Amino acid sequence: MSAGYYGRPIVKPPAWTDLIPTYFFAGGLAGTAATLAFAERTARNDRLARTMIFGAATGCAVSAFCLIADLKKPERFINMLRVVKPTSPMSVGVYIFSAFSGSVFIAAGCEVTGIARPAGRFFGAIAGLIGPVMSVYTAVLVGDTVMPAWHLPRKTLPGLFAATSAASAGAWGLLFASARDNGSARRLALVGGTAMVAILQALHHEIGPTQAEAYSKGEAGALARTARVLNVGGIVCAALGKNSNVISKVAGALLLAGGLTERFAVYRAGCASAKDPKYVLDSQA
Amino acid sequence: MSDFIDLTSAAAESATYGADERDRMGFFTDTTLCIGCKACEVACKEWNQLPSDGYEFTGESYDNTKELSGNTWRHVAFVEQMEPERDTGRWLMESDVCKHCTHAGCLDVCPTGAIIRTEFGTVVIQDDICNGCGYCVVACPFGVIGEKQEDHTMGKCTLCYDRLKVGEQPACAKACPTESIQYGVVDELRERAENRLQKIQEKFASAQLYLNDPNDGVGGGGSLFLLLDKPQVYGLPPNPIVPTKDLPQRWRTAGIAAAALFGAVVLCAVSRR
C-alpha cells in the first residue's frame, strides 16, 4: 500500500487557478520595473524611465485582473478591505498592492498625458520605493502555507522571487527600450537572471534532496528545465547584444518567457508537494 | 516569536467576547469505540444541509467519502491492517473532523475576517463574508477546508455553532451510537482522554492521544483523538505546525531580499559604462 492513508494527500493543494502564478510574475515585474523607473528618472535617463513605468503599469493591470478574476466570488473583492490583518500576508499584500498600483497608475497617467508632471514624479518615487516589497511579499504569502515546497525554503524563496522579478523587469526594458537607452535594464536582467539560476540551486540545497524532488520531478521539473534553457539563453543574448536592438529584444523575450515559466515551475512544485503525502510526512518525520 | 503566536491563540481570541465568552467546547473522538456506521457523516450532512460530493466507488475499504471537503465535515476513515490471506488482522475506523486548533492557520491567514473564533473557542467560516480567495485551504495543516462547488465559498465544520448557541450538542456527537464522538468542555475532554488512554494502553501498546498537548505545533486541538496507530496511518499529519508560526522571521528575510533588490536596481542604474 502507498504512503499514509491510501496515498491520499494529507494537506489540500491550492484551490487557485493559473491566474495566481501569472500574478506572481506580473506583480513581481511591476514592482521592480517601478523601482528601475524611479532610479532612471533620478539619473535623468527619461526614455528608459518612461518604458519602465509603462511596464509597471502593464504589470499592475494584469495583476489586478488576475487577483480579482481568481476569487471564487469576485464581486466580494471589497471584503478584502474590511479588515487589516498583520497575521495574513494576503491582507497585508492587498494594501501593498493597492498603494503600489495606485501610485504606478498616477505616475504612468501623468507620463502619458503630460499633466501634473511633479505629481507624477512624486508618485513614481513612492511606487519605486514600494516596488521591491511588491516584488517579494508574495514569497511570504506562499511561504505562510503548509505546502512543503513553499514553506520549507525559508531563506531562499524570497531571494528567488526578488531575482526573478529583477530578471523580468530588466527583460521588459530590453524588449521595449532601444539599445541606446537600455544599459541599466541590461545590467538588471543579467544580475537578476544569473541570481535566479544560482538561488534556485541554493533552494534545492536548503530543502534537501527528498523535498527538492517536488521541484525537479513531474510537471514542475519539466517547467523548471524549460525555464533554465530560456533564462540561460536570455542571459547570453543580453550579454552579447549590447549594440544590437534585435539581439536585445530576443534577450528580453527569452527572459520574460523564462521568468513566467519559472513562476509556474515554483507554483506547480507547491501543488505537487501537497498531492503526494510523502513530502508532508518527510518534513514532519 | 512565541509572543506573536500568543496573540492568535484560542484563549486570546475568545477573551475578546468579554462577558459573552463561554467555556471552550470541543470533541474527543475515541476511535477505539468507532464501528464505522457513518451516522456522524449523515447527521452532519442533514443538519447542516450539505450537498453530496458525488457518488464514487473508491475500492478503499468501506470509505467512499475519501476526505473532508467544503461540503463534507465528518469523514470516517477505514484502515485495513490484514495479513495477505486476510484471515487475521484488524480494522481501524476513525471519524475525522476539523481540529478547531488553538493556533488556527486558516483563521490567521483569512484576509477578509470571514473566519472567526467564536465565544465557544471554535473556528467558524462566515459564508456571507468569505470571498473564496482560498488562502485558508493551503494554510490548514490537516487539509480540512475545501471549496463548496455550489456557491464557491470555503467550507468546514462549525462544531454546529447554531446548535451550541441554544445549548444543544453538535449533530454528529448526538447521532454517534457508541459515544466514539464525545462533545464537551475541552479541558474536561483532555482529562477524560488521558484516563481512557491509560486503560486502553493495557491492551493496545500502540494507542496514543492526538492533539491533546497544548505545546504541540498547533497549540493542541479543540478536537482530540485517541488513535490505535500512528496518525499518518489515518491520513493525519504526525507533527502538524501552524504555518504562521515563523511569520515574523519570514517578513524579516523578505525585507532583506527587498532591500537587496532595491540596492541591485540602484547599482545597475548608476554603474554606467
Side-chain angles (χ1 to χ4, degrees), chain A residues 3-6 8-16 32 35-36 39-40 42-43 71-73 76-77 79-80 82-83 85 87-91 94 131-133 135-137 139-140 143-147 151 154-155 158-159 161-162 165-166 183-184 187-188 191-192 274 277 280-281 284-285, chain B residues 7-8 58 60 66-67 77 79 105 108-114 129-135 137-143 145-147 152-154 232-240 243-244 246-247 249-251 253-254 256-262 264-266 268-273:
Chain A
Y5 182 71
Y6 299 104
R8 292 200 172 275
I10 291 175
V11 295
K12 282 205 171 35
W16 295 328
T32 308
T35 305
L36 184 57
E40 291 302 293
T42 311
L71 291 180
K72 301 299 190 304
K73 289 258 180 196
R76 288 188 187 170
F77 173 79
N79 286 7
M80 293 276 194
R82 67 188 279 280
V83 288
K85 273 178 78 172
T87 58
S88 169
M90 193 182 285
S91 175
V94 161
V133 181
S135 289
V136 176
Y137 94 85
V140 179
D144 189 21
T145 68
V146 293
M147 309 296 101
H151 188 79
R154 290 176 169 81
K155 293 187 186 127
F161 276 41
S165 301
S184 308
R187 286 186 285 277
L188 188 61
V191 170
V280 170
L281 291 175
Q284 297 185 7
Chain B
L7 292 174
T8 60
T58 62
E60 294 164 6
K66 298 182 281 190
E67 59 184 3
V79 180
D108 286 347
V109 304
C110 174
T112 63
I129 307 282
C130 175
N131 67 8
C133 80
Y135 203 2
V137 172
V138 283
C140 174
F142 305 94
I145 305 181
E147 182 186 339
H152 301 297
T153 58
M154 305 299 145
Q232 53 266 46
V233 170
Y234 299 89
L236 298 165
N239 187 19
T244 331
D246 49 8
L247 188 55
Q249 288 95 316
R250 283 183 196 279
W251 278 117
T253 313
I256 294 167
L261 177 56
F262 189 81
V265 173
V266 170
C268 289
V270 297
S271 65
R272 290 174 196 287
R273 277 171 291 169

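If you're wondering where the values come from, they're calculated on a predicted model, not measured in any experiment.
- A donor-acceptor contact shorter than 3.5 Å links the side chain of Trp16(A) to the backbone of Cys133(B).
- In plain terms, the two heavy atoms of Pro238(B) and Leu281(A) that are nearest each other are CD-CD2, 3.7 Å.
- Atoms CG and OG, on Leu247(B) and Ser88(A) in that order, are 9.0 Å from each other to the nearest 0.5 Å.
- Only the backbone of Phe77(A) comes within contact range of chain B, judged by heavy atoms closer than 4.5 Å.
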Practice problem: I would like to know whether Cys140(B) and Lys12(A) meet side-chain contact (heavy atoms from CB on, under 4.5 Å); could you show each step before the answer? | Solution: CA-CA 8 Å; Cys140(B) 174; Lys12(A) 282 205 171 35; over 6 Å; no

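- The residue among Val94(A), Val133(A), Asp144(A) with the most heavy atom pairs within less than 4.5 Å of chain B is Asp144(A).
- Both the backbone and the side chain of Phe262(B) come within less than 4.5 Å of a heavy atom of chain A.
- Smallest separation of non-hydrogen atoms from Ile10(A) and Pro141(B): CG2-O, 4.3 Å.
- Across all non-hydrogen atoms, the minimal contact from Lys66(B) to Tyr5(A) is O-CE2, 4.4 Å.
- Both the backbone and the side chain of Tyr135(B) come within less than 4.5 Å of a heavy atom in chain A.
- For the atom pair OG1 of Thr112(B) and CZ of Arg76(A), the computed distance is 9.0 Å after rounding to the nearest 0.5 Å.
- Considering only heavy-atom pairs separated by less than 4.5 Å from chain A, the leading option among Val265(B), Val109(B), Val137(B), Val138(B) is Val138(B).
- Proximity to chain A is limited to the backbone of Leu236(B), based on heavy atoms less than 4.5 angstrom apart.
- Ranking Gly143(A), Pro13(A), Gly131(A), Ser91(A) against chain B, the residue ahead of the rest is Gly143(A), based on heavy-atom pairs under 4.5 Å.
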Quiz prompt | Full working for salt bridge (charged side-chain N to carboxylate O under 4.0 Å, His left out) between Asp246(B) and Arg154(A) | solution = CA-CA 9 Å; Asp246(B) 49 8; Arg154(A) 290 176 169 81; 2.5 Å; yes

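- In terms of non-hydrogen atom pairs under 4.5 Å with chain A, the most contact-rich of Gly143(B), Gly146(B), Gly132(B), Pro243(B) is Pro243(B).
- Chain B forms more heavy-atom pairs under 4.5 Å with one residue of Leu36(A), Leu188(A), Val136(A), Val140(A) than with any other, namely Val140(A).
- Between the side chain of Arg187(A) and the main chain of Ala264(B), no donor-acceptor pair closer than 3.5 Å is present.
- By number of non-hydrogen pairs under 4.5 angstrom with chain B, the leading residue of Thr35(A), Thr32(A), Asn79(A) is Asn79(A).
- No side-chain donor-acceptor contact under 3.5 Å links Lys73(A) to the backbone of Asn131(B).
- Of the listed residues Ala139(B), Gly134(B), Cys110(B), the one with more heavy-atom pairs under 4.5 angstrom with chain A than any other is Cys110(B).
- Closest approach of Ala162(A) to Ala257(B), counting heavy atoms only: CB-O, 4.1 Å.
- In terms of heavy-atom pairs under 4.5 Å with chain B, the best-connected choice from Pro277(A), Pro89(A), Pro14(A) is Pro89(A).
- Of the residues considered (Ile129(B), Val266(B), Thr253(B)), Ile129(B) shows the highest number of contacts with chain A, using heavy-atom pairs under 4.5 Å.
- Scanning both residues, Pro240(B) and Gln284(A), for their nearest heavy atoms gives N-OE1, 3.6 Å.
- Under the 3.5 Å distance criterion, the side-chain polar atoms of Arg8(A) are left unmatched by any main-chain donor or acceptor of Glu67(B).
- Taking both residues in full, the closest heavy atoms of Pro158(A) and Ala254(B) are given as CB-CA, 3.9 Å, listed atom of the first, atom of the second, then distance.
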